Asker: 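This is the structure I have questions about; it appears just below.
Predicted model only: the values in this text are computed from it and were never measured. By convention in this document, chain letters (A, B, ...) are assigned in the order of the sequence lines, proteins followed by strands, and residues within each chain are numbered from 1. When reading the values below, keep in mind they use all heavy atoms of this one structure, side chains included, and skip hydrogens, waters and symmetry mates.
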Number of protein chains: 2
Amino acid sequence: MPADPTELQPRKQPRQVRAELTRQRILTAAAHVFAEYGYAAGTTNRIAERARVSIGSLYQYYPNKDAILLELMTRHLTAGIVAHRQRRDAEPSGTLEQALRAQVRAVIDNHRDDPNLLRIMFEHAPRSPELFRKIAQFEREHIAYAQQLLAEYPEVRVQDTYVAARLVVSTAELVIHKLMAEPDPLDVERLENEMVAMLLSYLTAPPRAEGEG
Amino acid sequence: MPADPTELQPRKQPRQVRAELTRQRILTAAAHVFAEYGYAAGTTNRIAERARVSIGSLYQYYPNKDAILLELMTRHLTAGIVAHRQRRDAEPSGTLEQALRAQVRAVIDNHRDDPNLLRIMFEHAPRSPELFRKIAQFEREHIAYAQQLLAEYPEVRVQDTYVAARLVVSTAELVIHKLMAEPDPLDVERLENEMVAMLLSYLTAPPRAEGEG
DNA sequence: CAAAGAACTGAGTTATTGCTCAGAATAGGG
DNA sequence: CCCTATTCTGAGCAATAACTCAGTTCTTTG
């Protein structure tokens, strides 16, 4: 439990090429080890062993175990944000259904990347303030984008686009990850269609009178 | 990591009243300690200390740490299943909206119980086969009930009630827990209404032609 | 090619924690 | 009130894992 936040920064900046390679090897090994053993049982010695690097080298670049997971998460989220912005700025969104489908696909692809590592990072997040902050920031950006998107379509008839955006983003993320996971993963195409259908019908349903039903 | 499944059974059955009290104190203390420190940092010594019981006593009733969490989870799920069956068998379900609302409310109440402990149990589940099995069984029952419910309402126009049931159950569970959690929890009443609206519109939307939109 | 410093090594230190066990305290039946 | 069974105690054992550091190897540079 690091009290000093600088303790999460890498200890030394590599000056030689081999050092950069070592860093990269450690990171790759950590991703595999965490995904296979989980965070607690993914020991630093195991990571070093898998990276074919001595434990001492590992601690030259990462002051502690948390710092390794933090960097993995940072890289993952950064890549996600970049891809996200590219999609947003590149082509026009098309119909509402197309836009929703694009978002749903992105989550599905994200899951396929490395479900185990992903799960471990998100599980560990509540105990690591740094991770928590990073994820929260990412989510905020996600929701802001979704809200902005909803505002573009007149057929979206929800009362409050902020609440709707949060609901849509959470639903897509959580439910897709859940239903793609073991045991009994759902057929991906089916899942995609149902998810799009659900979000679409929610967003475009006529506003309901109080106490209707 | 217990290899022998009998290692998860309590070691001895209490014969005197004080023993039963000790057992209960340990369990209550464990719930608090796990909720506050998480599973890894919630050490058995801390639990014993909080229960004002010696560490030796703890190990007379629980063969290892996992067994404590397992019993907490078992009690929680059992209570959930019982309440669930009572709701199902007691009154008629009413309209579809009313039935959905009842389910959504149940999840909300469930969350309010003890969100931290709940999160920890579900996080730890993947690493504990026993826990995993218990949860899976509970979910299966949940889905089966939902599927049966959907079949009762002609206005439900989904293709496959099994898939729809899984979607509905997962969505309610995950999204509610997420949006009620820190940071920035949503207003509960609002959440309830939106969730019901989303599920209802999904279930009753007219079937969509292929490639529509 | 030699000196300086960057990078690497891995046995060992330190701290933590799950869990044991020998014995003390308490309860209940005769 | 004694004897046996039950319950409780807590110092300490054993295992594990994060992390250090003194010394070695490799790179670069003047």
Side-chain angles (χ1 to χ4, degrees), chain A residues 1-4 6-27 29-30 33-34 36-71 120 124 127-128, chain B residues 1-4 6-27 29-30 33-34 36-72 124 127-128:
Chain A
M1 290 113 207
D4 177 2
T6 67
E7 281 177 21
L8 281 173
Q9 303 313 315
R11 226 154 234 201
K12 92 173 10 167
Q13 293 303 323
R15 313 262 155 129
Q16 300 176 8
V17 190
R18 61 174 173 158
E20 190 47 57
L21 289 176
T22 300
R23 250 185 91 82
Q24 190 54 51
R25 289 238 301 287
I26 293 170
L27 219 51
V33 169
F34 285 148
E36 184 173 349
Y37 296 89
Y39 187 71
T43 70
T44 49
N45 283 292
R46 248 195 261 260
I47 293 169
E49 191 183 18
R50 165 129 200 174
R52 305 236 224 145
V53 151
S54 80
I55 182 65
S57 289
L58 188 152
Y59 279 96
Q60 273 189 320
Y61 299 107
Y62 298 96
N64 54 55
K65 199 177 156 182
D66 255 35
I68 304 176
L69 190 68
L70 179 64
E71 180 156 342
I120 283 150
H124 190 70
R127 270 153 271 150
S128 164
Chain B
M1 290 112 209
D4 178 1
T6 65
E7 283 179 18
L8 281 173
Q9 303 313 317
R11 225 152 235 199
K12 93 174 8 169
Q13 294 302 324
R15 314 261 155 132
Q16 299 176 10
V17 190
R18 60 175 173 160
E20 189 48 58
L21 289 176
T22 301
R23 251 185 89 84
Q24 190 53 53
R25 289 238 300 287
I26 293 169
L27 219 51
V33 169
F34 285 148
E36 183 172 350
Y37 296 89
Y39 187 71
T43 71
T44 49
N45 282 292
R46 247 195 262 259
I47 293 170
E49 191 184 15
R50 165 129 202 175
R52 305 234 224 147
V53 151
S54 81
I55 182 64
S57 289
L58 188 151
Y59 279 96
Q60 274 190 319
Y61 299 106
Y62 299 95
N64 54 55
K65 198 177 155 182
D66 255 34
I68 304 176
L69 190 68
L70 179 64
E71 180 156 343
L72 282 174
H124 189 70
R127 270 152 270 151
S128 165

Asker: Atom CG of Leu69(B) to atom P of dG18(C): distance rounded to whole Å?
Answerer: 13 Å
Asker: What is the distance from CZ of Arg52(B) to P of dT9(D), rounded to the nearest Å?
Answerer: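 Rounding to the nearest Å, CZ of Arg52(B) and P of dT9(D) are 12 Å apart.
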Asker: Once you round it to whole Å, what is the distance between C1' of dC19(C) and CD1 of Ile47(B)?
Answerer: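 That distance rounds to 13 Å.
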Asker: In this structure, how many angstroms lie between the C1' atom of dT6(D) and the CZ atom of Arg23(B), rounded?
Answerer: 15 Å
Asker: How many whole angstroms separate atom CD of Gln60(B) from atom P of dA5(D)?
Answerer: 16 Å
Asker: Would Tyr59(B) and Thr44(B) satisfy side chain to side chain contact (heavy atoms under 4.5 Å, CB included), going step by step from the backbone distance to the final call?
Answerer: CA-CA 9 Å; Tyr59(B) 279 96; Thr44(B) 49; 3.2 Å; yes
Asker: Taking the side chain from Tyr61(A) and the backbone from Gln24(A), do they hold a donor-acceptor pair closer than 3.5 Å?
Answerer: no
Asker: Is the backbone of Ala41(A) close enough, under 3.5 Å, to the side chain of Arg46(A) for a donor and an acceptor to pair up by distance?
Answerer: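 Looks like yes, one N/O pair under 3.5 Å.
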Asker: Could you state the interatomic distance from CG (Leu69(A)) to NZ (Lys65(A)), rounded to the nearest 0.5 Å?
Answerer: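 NZ of Lys65(A) is found 9.0 Å from CG of Leu69(A).
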Asker: Starting the side chain at C-beta, find the nucleotide from dT7(D), dT9(C), dC8(C) nearest to Ala19(A).
Answerer: dC8(C)
Asker: Would you compute the distance between atom CZ of Arg25(B) and atom CD1 of Ile47(B) and round it to the nearest 0.5 angstrom?
Answerer: 14.0 Å
Asker: How does each nucleotide of nucleotides 10-18 of chain D score, in 5' to 3' order, for protein heavy atoms under 4.0 Å: base (B), sugar-phosphate only (S), or none (-)?
Answerer: BB-----SB
Asker: Find the distance Tyr62(B):OH to dC8(D):P and express it as a whole number of Å.
Answerer: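 Rounding to the nearest Å, OH of Tyr62(B) and P of dC8(D) are 12 Å apart.
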Asker: Taking only residues two or more places apart in sequence, or in another chain, which ones meet Arg18(B) in a salt bridge (Lys or Arg N to Asp or Glu O under 4.0 Å)?
Answerer: none
Asker: Mind checking whether Leu70(B) and Tyr62(B) have side chains closer than 4.5 Å, heavy atoms only?
Answerer: no
Asker: Atom CG of Leu58(B) and atom CD of Glu49(B): how far apart are they, to the nearest 0.5 Å?
Answerer: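 Answer for the CG-CD pair, Leu58(B) versus Glu49(B), is 12.5 Å.
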Asker: Measure the distance from OH on Tyr61(B) to C1' on dC19(C) and round it to the nearest whole Å.
Answerer: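 About 17 Å, once rounded to whole Å.
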Asker: Without decimals, in angstroms, what is the distance between Ile68(B) CD1 and dC19(C) C1'?
Answerer: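 Going from Ile68(B) (CD1) to dC19(C) (C1'), I get 11 Å.
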Asker: Could you walk me through whether His124(A) and Asp66(A) satisfy the side chain to side chain contact (heavy atoms under 4.5 Å, CB included) test, starting with their C-alpha distance in whole Å, then the side-chain angles of each, then the deciding distance to 0.1 Å, before giving a yes or no?
Answerer: CA-CA 9 Å; His124(A) 190 70; Asp66(A) 255 35; 3.2 Å; yes
Asker: Distances under 3.5 Å only, N/O to N/O: pair up the protein atoms with those of nucleotides 26-30 of chain D.
Answerer:
none

